[in-house]
Undergrad: 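This structure is in structure tokens; I'll ask about it shortly.
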Amino acid sequence: VLGVWLPEIGLEMKLGSDVFLRLIKMIIGPLVLATLTAGISKLGDIQTVGRIGLKTIVYFYAATLVSLGFGLGLANVFEPGKQTQMDLPAETSMEENMQHSALGFSQFVLRIFPTSVVDALAKNEILPIVIFSIFLGLAIKAAGKKGEPLAHAVESLSEVMLKMTQYVMVFAPIGVFGAMASVVAKHGLGILGSYLYLIILFYAGLLAFVVI
């Protein structure tokens with residue numbers, strides 16, 4: 001309603017969604033670091049931790065590749081992007097961007113291992129954070145009693161980050177309100193039909209992915 005009747009104000013409501021997205025990005029890195037490190041540091045012997053860590057990485061990559069392939073298949077078959085009624089970049093521009101952002105295998109592997117966890121946290125690069133968390137959890141466990149204070153600190157940080165996540169999610173309705181108001185103000189009510197198509201396809205894809 002705000003986007004249709006007061007589009008000038010509706011466009012400004014995008015601020016609410018931008019703030020919410022920034023809050024989400026703010027907590028992701030520390031949340032992954034704290035929860036994963038705390039979990040590994042509380043496990044049994046080092047061999048058990050190593051096996052679980054290896055299985056975690058293999059499962060993470062396998063599930064990611066399968067889900068990406070599944071999503072790409074759905075997108076290419078049903079083409080939800082063609083329903084959006086938005087101005088898309090030229091194909092030549094898209095190809096140039098893809099070529100510019102493409103990584104070779106060695107570059108991809110190197111980017112998994114962080115040169116600095118601070119840099120990985122600042123850029124919200126999850127895989128380097130996961131690698132650092134595994135090593136940190138292993139080291140805390142191997143340190144024995146000397147590592148217990150840090151283990152307790154990480155566990156406390158994990159609990160705090162989970163509580164912080166609850167606080168951030170309180171702002172979700174504000175973020176959704178701002179996003180809907182601004183997109184309707186910019187593209188009109190017709191955009192809601194394409195969003196509905198996308199949402200139905202999204203949930204159908206999730207259901208099929210879980211079942212299969």
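Nothing here was measured: the structure is a model prediction, and the numbers come from that model.
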Undergrad: Taking all atoms of both residues into account, what is the closest heavy-atom pair of Val154 and Ala38, and its distance?
TA: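 Scanning both residues completely, I find the closest heavy atoms to be CG1-N, 3.5 Å.
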Undergrad: Is any side-chain heavy atom of Phe135 closer than 4.5 Å to a side-chain heavy atom of Val130?
TA: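 With C-beta onward as the side chain, the pair stays apart.
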Undergrad: Under 3.5 Å, sequence neighbours excluded: what are the donor-acceptor pairs made by side chains of residues 143-152?
TA:
none

Undergrad: Are the side chains of Val170 and Gln166 in contact, using a 4.5 Å heavy-atom criterion?
TA: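 Not in contact.
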Undergrad: Is Leu110 isolated, or which residues cluster with it under the ILVMFWY side-chain rule of less than 4.5 Å, directly or via members?
TA: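 Reading the cluster by chain and number, Leu110 sits alone, since nothing else belongs.
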Undergrad: With side chains defined as the heavy atoms from C-beta onward, is the minimum distance between Leu121 and Phe132 less than 4.5 Å?
TA: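 The answer is no, as the side chains (C-beta and beyond) never meet within the 4.5 Å cut-off.
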Undergrad: Would you kindly confirm whether Leu36 and Tyr59 end up in one hydrophobic cluster when ILVMFWY residues are joined by side chain heavy atoms under 4.5 Å apart?
TA: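 No.
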Undergrad: Heavy atoms only: give me the nearest Phe171-Tyr167 pair and the separation to one decimal.
TA: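 Distance-wise, the nearest heavy atoms are CD1-O, 3.5 Å.
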Undergrad: With hydrophobic residues grouped by side-chain heavy-atom distances under 4.5 Å, do Val183 and Trp5 end up in a single group?
TA: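 In one cluster with Val183: Trp5, yes.
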Undergrad: Apply side chain to side chain contact (heavy atoms under 4.5 Å, CB included) to the pair Ile40 and Lys141, showing each step before the final yes or no.
TA: CA-CA 8 Å; Ile40 291 176; Lys141 188 66 181 177; over 6 Å; no
Undergrad: Under a single-linkage definition using a 4.5 Å side-chain heavy-atom cutoff for Ile, Leu, Val, Met, Phe, Trp and Tyr, are Val168 and Val160 assigned to the same hydrophobic cluster?
TA: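 No, separate clusters.
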Undergrad: Please write out which residues are connected to Leu206 in a hydrophobic cluster, directly or through intermediates, given that two of Ile, Leu, Val, Met, Phe, Trp, Tyr count as joined at side-chain heavy-atom separations below 4.5 angstrom.
TA: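 Hydrophobic cluster check, Leu206: joined to Ile199, Phe202, Tyr203.
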Undergrad: Suppose clustering is done on Ile, Leu, Val, Met, Phe, Trp and Tyr with side-chain heavy atoms closer than 4.5 Å. Which residues sit in the same group as Phe209?
TA: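 Result for Phe209 is Val66, Phe70, Leu74, Val77, Phe78, Tyr197, Leu201, Ile212.
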Undergrad: Do the side chains of Ile200 and Leu198 join up, straight or via other hydrophobic residues, at under 4.5 Å, putting them in one cluster?
TA: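 Per the 4.5 Å side-chain linkage, Ile200 and Leu198 are not co-clustered.
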Undergrad: Going by the rule side chain to side chain donor-acceptor pair (under 3.5 Å), which residues pair with Glu79 if we only count those two or more places apart in sequence or in a different chain?
TA: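 Counting only residues at least two positions away or on another chain, Glu79 forms a side chain to side chain donor-acceptor pair (under 3.5 Å) with Lys82.
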Undergrad: Let me confirm one number: the CD-CZ distance from Glu125 to Arg111, rounded to the nearest 0.5 Å.
TA: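 So the CD of Glu125 and the CZ of Arg111 are separated by 5.5 Å.
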Undergrad: Do Met161 and Val118 share a hydrophobic cluster (ILVMFWY, side-chain heavy atoms under 4.5 Å, transitive)?
TA: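 Yes; tracing contacts between hydrophobic side chains, which count when under 4.5 Å, links both residues.
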Undergrad: Supply the atom-to-atom distance Ile131 CD1 to Ile126 CD1, rounded to the nearest 0.5 angstrom.
TA: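 Between Ile131 CD1 and Ile126 CD1, I get 12.5 Å after rounding to 0.5 Å.
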Undergrad: Might you point out which heavy atoms bring Pro7 and Ala185 nearest each other, and give the distance in Å?
TA: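 Pro7 and Ala185 have their closest heavy atoms at O-CB, 3.5 Å.
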Undergrad: Going from OG on Ser194 to NE2 on His187, what distance comes out if it is rounded to the nearest 0.5 angstrom?
TA: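 Ser194 atom OG to His187 atom NE2 measures 9.0 Å (nearest 0.5 Å).
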Undergrad: Side chains of Leu11 and Lys186: closer than 4.5 Å at any heavy-atom pair?
TA: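 Leu11 reaches Lys186 side chain to side chain.
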Undergrad: Please tabulate, for side-chain N and O atoms in residues 16-35, each donor-acceptor pair with protein atoms closer than 3.5 Å (sequence neighbours left out).
TA:
| residue | atom | partner | partner atom | Å |
| --- | --- | --- | --- | --- |
| Ser17 | OG | Lys14 | O | 2.8 |
| Asp18 | OD1 | Lys14 | NZ | 3.1 |
| Asp18 | OD2 | Lys14 | NZ | 3.3 |
| Thr35 | OG1 | Leu31 | O | 2.7 |
| Thr35 | OG1 | Val32 | O | 3.4 |

